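Here, residue 1 is the first one in the sequence, and each next residue gets the next number. Since we're looking at a predicted model, the values are computed, not measured. Both backbone and side-chain heavy atoms feed into the values below; hydrogens, waters and symmetry mates do not.
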Amino acid sequence: MREISTEEIRIGEHVLIDGVDYVANKADQSDVCKGCAFRDNEPCSDFIECHGIIFNKVKKEPKYRPYNDTDEMIADWKERFNAKDWPRYSMHLICVKNEWKNKYFLTGFSHEIVIFAESPQTLKVLCRCYTYLDGSPCGKEVTE
């Protein structure tokens with residue numbers, strides 16, 4: 001990735017514009033120039049000056065890490081699924097599924113272990129191999 005300049009930019013190349021990651025794509029007839037760093041954010045009448053390139057903001061996929069402990073897991077679950085009124089250590093109706101879509105209720109937990117289907121799992125395995133029923137990861141989102 002490099003800072004944007006007037007030198008030639010290839011289709012598919014990533015560039016930084018004001019610190020934001022963009023990818024250069026070939027403009028088609030439905031695209032409209034909204035202005036860019038080449039023209040001090042002034043739109044141009046066509047893409048000839050811009051060599052037919054339009055810049056699309058790169059969407060970063062969120063990353064998740066395993067929960068530090070089951071207290072963090074329960075707090076995150078309560079936040080995501082709007083269950084903030086539940087008592088702290090009551091048995092929650094937390095349900096997960098694996099890649100084969102098999103569903104399991106959380107039947108117990110200790111500090112760093114969850115139990116479902118009578119099988120204890122670490123929080124690392126939970127994050128790597130399971131999701132909640134809505135498809136969201138069983139882990140804490142990493143914010144950079």
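S136 approaches F81 most closely through the heavy-atom pair OG-CZ, 4.1 Å. When all heavy atoms of G12 and V23 are compared, the closest pair comes out as O-CG2, 3.5 Å. Residues G139 and C127 approach most closely at CA-SG, 4.1 Å, considering heavy atoms.
Using a 4.5 Å heavy-atom threshold, the side chains of K97 and T131 count as touching. Proximity of L106 to M73: side-chain heavy atoms (C-beta onward) are separated by under 4.5 Å at one or more points.
In this structure, CD in E112 is found 9.0 Å from NZ in K124, a value given to the nearest 0.5 Å. Rounded to the nearest 0.5 angstrom, L126 CG and Q121 CD are separated by 8.0 Å. The OG1 atom of T143 sits 12.5 Å away from the NZ atom of K63 when rounded to the nearest 0.5 Å. Distance check: D69 CG to I74 CD1 gives 9.0 Å after rounding to the nearest 0.5 Å. Separation of atoms NZ (K140) and CD (E79) is listed at 7.0 Å; rounding is to 0.5 Å.
A continuous path of Ile, Leu, Val, Met, Phe, Trp and Tyr side chains, each step under 4.5 Å between heavy atoms, connects V125 with F116, placing both in one hydrophobic cluster. Y67 and I115 are members of different hydrophobic clusters when ILVMFWY side chains are connected at heavy-atom separations under 4.5 Å. A continuous path of Ile, Leu, Val, Met, Phe, Trp and Tyr side chains, each step under 4.5 Å between heavy atoms, connects Y104 with F109, placing both in one hydrophobic cluster. When hydrophobic clusters are built by joining Ile, Leu, Val, Met, Phe, Trp and Tyr residues whose side-chain heavy atoms come closer than 4.5 Å, directly or via intermediates, I113 is not grouped with L123.
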